[in-house]
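Worth saying up front: this structure is predicted, and the values here are computed from it rather than measured. Scope of the values below: all heavy atoms of this structure, side chains included, with no hydrogens, waters or symmetry mates.
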Amino acid sequence: MRLTLYKYHGQNKDYLVYDTIQNHKKLNESMIRMLCDRSRGLGSDGLITGPFLEDDTIGVQVYGPDGSEKNEDAKAFPVFAKYLKDNLYVTRERFHLQTPEGAVTIHYDNEDATDITVTTKDAAGIVSSSSSRATAIGTVILSPEYLESLGA
């Protein structure tokens, strides 16, 4: 079974996006490490998995290049928001993205969704917003042979 990943850039970081609707392979920590490795893999600052769709909720999970969960990595949220808009998962100007750490609000500041504002609330109830740019870099389709070499 082949695997399709998308590479995006935002806030001086690049991420691989693993679409859980298009792909059905379960990724493990060592696969994520290998995929993010800049020498042996595709190279990235992390891997974003989603969308996890339930009712009106869109969920996301973020992993660091070491394969560990990094759901507090707010730099990944604009990247994933751009991916969602590019792939027509979201058509509204504003929506909520559910992370394991809680919901964040995404607002597209322009029509092509390259300028995005993310609003978060921490455990103490402090609200913060940040605006950033996110762009698509490309699509990568991995063959079963390559996946096998990763130990998949």
Main-chain N/O of Lys25 paired with Asn23 side-chain donor or acceptor, under 3.5 Å: no

Give, for atom CD of Glu101 and atom CD of Glu69, the distance between the pair rounded to the nearest 0.5 Å. 8.5 Å

Is the shortest heavy-atom distance from the side chain of Leu5 to the side chain of Leu35 under 4.5 Å? yes

Does any part of the side chain of Arg38, heavy atoms only, come nearer than 4.5 Å to the side chain of Asp45, both counted from C-beta? yes

Could you walk me through whether Ile58 and Val90 pass the side-chain contact (heavy atoms from CB on, under 4.5 Å) check? CA-CA 9 Å; Ile58 299 174; Val90 174; 3.5 Å; yes

Determine whether a donor-acceptor pair (N or O, by modelled atom type, separation under 3.5 Å) exists between the side chain of Asp115 and the backbone of Arg133. no

Compare all side-chain heavy atoms of Gln11 with those of Ser132 and state whether any distance is below 4.5 angstrom. yes

Would Ile137 and Val79 show up in the same hydrophobic cluster when neighbours are defined by side-chain heavy atoms closer than 4.5 Å? no

Can you check whether Tyr63 reaches Cys36 side chain to side chain, under 4.5 Å on heavy atoms? no

Whether the Ser128 and Thr120 side chains hold a donor-acceptor pair (N or O, under 3.5 Å, no angle test) is what I'd like checked. yes

Do the side chains of Leu42 and Tyr6 join up, straight or via other hydrophobic residues, at under 4.5 Å, putting them in one cluster? no

Begin with the C-alpha distance, continue with both residues' side-chain angles, and end with the deciding distance and a verdict on side-chain contact (heavy atoms from CB on, under 4.5 Å) for Leu47 and Tyr15. CA-CA 6 Å; Leu47 185 128; Tyr15 292 91; over 6 Å; no

Quick check: do Leu16 and Tyr8 have side-chain heavy atoms less than 4.5 Å from each other? no

Apply the test side-chain hydrogen bond (donor to acceptor under 3.5 Å, both in side chains) to residues Thr105 and His96: give CA-CA distance (whole Å), side-chain angles for both, the deciding distance (0.1 Å), then the verdict. CA-CA 5 Å; Thr105 302; His96 297 287; 3.1 Å; yes

Checking side-chain contact (heavy atoms from CB on, under 4.5 Å) for the pair Tyr18/Leu3: CA distance, chi angles, key distance, verdict? CA-CA 9 Å; Tyr18 176 83; Leu3 191 72; 3.1 Å; yes

Could you walk me through whether Lys26 and Met31 pass the side-chain contact (heavy atoms from CB on, under 4.5 Å) test, one step at a time? CA-CA 10 Å; Lys26 179 83 169 134; Met31 286 177 63; over 6 Å; no

With a 4.5 Å cut-off on side-chain heavy atoms, are Asn110 and Ile116 touching? no

Are Thr117 and Ser129 linked by a side-chain donor-acceptor pair shorter than 3.5 Å? no

Cationic N near anionic O, under 4.0 Å, Lys82 to Asp86: yes

Does the Lys NZ or Arg CZ of Lys85 fall within the cation-pi geometry relative to Tyr108 - under 6.0 Å from the ring centre and within 45° of the axis? yes

What do the steps show when you test Tyr83 against Asp19 for side-chain hydrogen bond (donor to acceptor under 3.5 Å, both in side chains), and what is the final call? CA-CA 9 Å; Tyr83 174 80; Asp19 189 313; 2.4 Å; yes

Test side-chain hydrogen bond (donor to acceptor under 3.5 Å, both in side chains) on Thr57 and Asp55; report intermediate values, then the result. CA-CA 6 Å; Thr57 304; Asp55 299 322; 6.0 Å; no

Are the side chains of Thr99 and Phe77 in touch, meaning some heavy atoms are under 4.5 Å apart? yes

Can you confirm whether Val60 sits close enough to Phe52 that some side-chain heavy atom of one is under 4.5 Å from a side-chain heavy atom of the other? no

What is the minimum heavy-atom distance between Ser44 and Pro65, and which atoms define it? O-CB, 3.9 Å

If you measure from NE2 on His9 to CG on Asp14, what distance do you get to the nearest 0.5 Å? 6.0 Å

Does Arg33 pair with Asp66 as a salt bridge, N-O distance under 4.0 Å? no

Closest non-hydrogen atom pair between Ile21 and Pro51, with its separation: CD1-CG, 3.8 Å

Could you state the interatomic distance from CZ (Phe80) to OH (Tyr89), rounded to the nearest 0.5 Å? 8.0 Å

Look at the side chain of Lys7 and the backbone N and O of Gly43, then say whether any donor-acceptor pair between them is shorter than 3.5 Å. yes

Give me the atom names and distance for the closest heavy-atom approach of Asp109 to His107. OD1-ND1, 2.7 Å

Just wondering, more than 12 heavy atoms not from Asn12 lying within 6.0 Å of its CG? no

Nearest 0.5 angstrom please: Thr4 OG1 to Leu142 CG, how far? 7.5 Å

Mind checking whether Val17 and Val140 sit in one hydrophobic cluster, side chains of I, L, V, M, F, W, Y counted as touching below 4.5 Å? no

Looking at NZ of Lys75 and NZ of Lys70, how far apart are the two atoms once the value is rounded to the nearest 0.5 Å? 13.5 Å

Within the distance-only criterion (no hydrogens, no angle test), does the side chain of Thr49 pair as donor or acceptor with the backbone N or O of Gln61 below 3.5 angstrom? yes

